[in-house]
Amino acid sequence: MTYHPKSDFMRVMMERGFLADCTDYQGLDEALTAGVVTTYIGYDATAKSLHVGHLLNIMMLRWLQKTGHQPITLMGGGTTKVGDPSFRADERPLLTAEQIDANIDGMKQVFAKYLDYGDGPTGALMLNNAEWLDELNYLSFLRDIGRHFSVNRMLSFESVKSRLDREQSLSFLEFNYMILQAYDFLELNRRYGCLLQMGGSDQWGNIINGIDLTRRVLDHEIFGLTSPLLTTSDGKKMGKSAGGAMWLNADMLSPYEFWQFWRNSTDADVGRFLKLYTELPVEECERLGALGGAEINEAKIVLANEVTTLCHGAEAAAAAEATAREVFEKGGVGDDLPTLELTRDEIGDGISIVQVIVRAGLAKSGKEAKRLITENGARIDDAALTDAGLMLNAGALSAPVKLSAGKKRHALVKLAD
């Protein structure tokens, strides 16, 4: 559909490619034009850090605040105890309360970089749904809330249907998740006047449930807006790489590796990623994305610098670029490369190069490391590594050794002091 928004927020969402669907374009646009709209996105605390897959929605909250509205980051201290079954093939492992609290502490560090949690009408709020979910009385909840849910309708949602169609078990615990998420929206509307829930398009069914429930219980009109589920142009899920998840916390992924992830974007993704993950003007994003030949590599460096500056600060971005130029353009050894330190005890009489490649994070297994070597994909100090049986002793590591997997992934190996 073609809709011409009046509000700054909806205009940004549409121009930059954030918008997949909305429950009521015109109604939401009018609410955004009339005053401050309080908006939430929920995050279950399943890991100690958020990753690049979450970054799209974090940027949506950032734009929301920049255009004069109030973001809520809702931590799923309660819902994480159940686990979101959406589009999963199996049940999530259940975490202890202590693990959930530790994960929330790690995730908070990321949000503080993107949002302003200050006072005032647009100051972001960080809330935890355990605040109301932990106190629920089961029988009262069934009577007051459960009666509004049709099991027939819940079974028709794609996230549930896809699991049942594959004849994979869906526990009653997980089936309750969508009721709890709907109840979150009701509580946020009742307590904070929250009018909008945003999320990835896989959350559409859960968002609709919350809107229906709030209308039935409180007779309030509220809205839902979803973002597209992103894949890279080569079909990979956004936020994943050969080395695993691209974490946003520096203690789980170095700023250099984060920078390198964006620098390694495929040519076809550069313009789109600039619009979604940076704050450069749309025209500039389109100009950079349209560059060809060697010039597109400079556009990728702009992308990497802009995204890394937002997440880790300008100094970290500049250091990562300097290291990359040192490694790639001058064949040197950059200070910021991921580093594996080995003790003399670990090395003993010698340690196999295959083991070192795996421990340095350049391969997931010994089998993968051996294949890398036999297919001429591995280098040691920029020279081809052809002997999978090579052993390194302490003498060989008297100076740091640079290992490379392909042209873009590097690590240093050195003796621990």
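Hydrogens, waters and symmetry mates are skipped; everything else that's a heavy atom, side chains included, is used.
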If you measure from the Lys or Arg side-chain nitrogens to the Asp or Glu carboxylate oxygens, is any gap between [X] and [Y] under 4.0 Å?
X: Asp29; Y: Arg11; result: no
X: Asp251; Y: Lys48; result: no
X: Glu279; Y: Lys66; result: yes
X: Lys275; Y: Glu15; result: no
X: Glu375; Y: Lys370; result: no
X: Arg325; Y: Glu298; result: yes

Which heavy atom of [X] sits nearest to which heavy atom of [Y], and what is that distance?
X: Ile207; Y: Leu225; answer: CD1-O, 4.3 Å
X: Ala324; Y: Trp259; answer: CB-CZ3, 3.4 Å
X: Leu274; Y: Val302; answer: CD2-CG1, 4.4 Å
X: Lys300; Y: Val270; answer: CG-CG2, 3.6 Å
X: Pro5; Y: Met10; answer: CB-CB, 3.6 Å
X: Ala360; Y: Leu340; answer: N-CD2, 3.9 Å

Just verifying a value: how many Å separate [X] [atom1] and [Y] [atom2], rounded to the nearest 0.5 Å?
X: Met60; Y: Arg62; atom1: CE; atom2: CZ; result: 15.0 Å
X: Arg272; Y: Thr266; atom1: CZ; atom2: OG1; result: 8.0 Å
X: Thr278; Y: Leu310; atom1: OG1; atom2: CG; result: 8.0 Å
X: Leu213; Y: Arg216; atom1: CG; atom2: CZ; result: 8.5 Å
X: Phe9; Y: Met14; atom1: CZ; atom2: CE; result: 11.5 Å
X: Cys194; Y: Leu186; atom1: SG; atom2: CG; result: 11.0 Å

Side-chain heavy-atom pair [X], [Y] within 4.5 angstrom cut-off:
X: Phe223; Y: Val37; answer: no
X: Leu342; Y: Val413; answer: yes
X: Ile357; Y: Leu385; answer: yes
X: Lys113; Y: His312; answer: yes
X: Ile373; Y: Val354; answer: yes
X: Ile222; Y: Leu196; answer: no
X: Asp202; Y: Leu229; answer: yes
X: Lys108; Y: Met126; answer: yes

Test log, rule ring-ring contact (aromatic ring centres under 6.0 Å, His included), inputs Tyr43 and Phe111: CA-CA 11 Å; Tyr43 298 88; Phe111 289 118; 4.8 Å; yes
[Y] backbone acceptor or donor facing [X] side chain under 3.5 Å:
X: Asn249; Y: Met252; value: no
X: Gln70; Y: Gly123; value: yes
X: Arg147; Y: Arg143; value: yes
X: Asn128; Y: Gly77; value: yes

Are [X] and [Y] linked by a side-chain donor-acceptor pair shorter than 3.5 Å?
X: Asn189; Y: Thr214; result: no
X: Asn305; Y: Glu321; result: yes
X: Tyr117; Y: Thr73; result: yes
X: Asp21; Y: Thr226; result: no
X: Gln99; Y: Thr96; result: yes
X: Gln203; Y: Gln181; result: yes
X: Thr33; Y: Glu30; result: no
X: Glu306; Y: Thr309; result: no

Ring centres under 6.0 angstrom apart (Tyr192, Tyr40):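 No, too far apart.
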Mutual orientation of the aromatic rings belonging to His54 and His51 [parallel < 30°, tilted 30-60°, perpendicular > 60°]: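 Rings of His54 and His51: tilted, as their planes differ by 30° to 60°.
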Worked check of salt bridge (Lys or Arg N to Asp or Glu O under 4.0 Å) between Glu131 and Arg191: CA-CA 12 Å; Glu131 188 184 322; Arg191 294 174 183 225; 3.1 Å; yes
Derivation of the ring-ring contact (aromatic ring centres under 6.0 Å, His included) call for Tyr277 and Trp262: CA-CA 10 Å; Tyr277 298 108; Trp262 297 99; 4.9 Å; yes
Asp119, CG atom: more than 12 neighbouring heavy atoms under 6.0 Å: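 Counting neighbours around CG of Asp119, 12 or fewer heavy atoms of other residues, nucleotides or ligands fall under 6.0 Å, so no.
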NZ/Lys367: more than 12 non-hydrogen atoms of other groups inside 6.0 Å: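 Open.
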Residues Cys285, Glu283; criterion side chain to side chain contact (heavy atoms under 4.5 Å, CB included); working and verdict: CA-CA 5 Å; Cys285 296; Glu283 301 73 29; over 6 Å; no
Sequence-distant partners of Thr23, side chain to side chain donor-acceptor pair (under 3.5 Å), two or more places apart: none
Sole residue of Thr80, Asp184, Asp44 in side-chain hydrogen bond (donor to acceptor under 3.5 Å, both in side chains) with Asn129: Asp184
Val356 vs Arg359, side chain to side chain contact (heavy atoms under 4.5 Å, CB included): CA-CA, chis, key distance, verdict: CA-CA 5 Å; Val356 173; Arg359 289 191 52 189; 5.8 Å; no
Working for side chain to side chain donor-acceptor pair (under 3.5 Å), residues Ser365 and Glu368: CA-CA 5 Å; Ser365 64; Glu368 189 181 308; 4.7 Å; no
Residues Asp8, Leu32; criterion side chain to side chain contact (heavy atoms under 4.5 Å, CB included); working and verdict: CA-CA 8 Å; Asp8 289 342; Leu32 288 159; over 6 Å; no
Working for side chain to side chain donor-acceptor pair (under 3.5 Å), residues Asn57 and Ser227: CA-CA 7 Å; Asn57 285 341; Ser227 59; 3.0 Å; yes
Side chain to side chain contact (heavy atoms under 4.5 Å, CB included) between Tyr177 and Asn206, worked out: CA-CA 9 Å; Tyr177 183 91; Asn206 290 335; 4.2 Å; yes
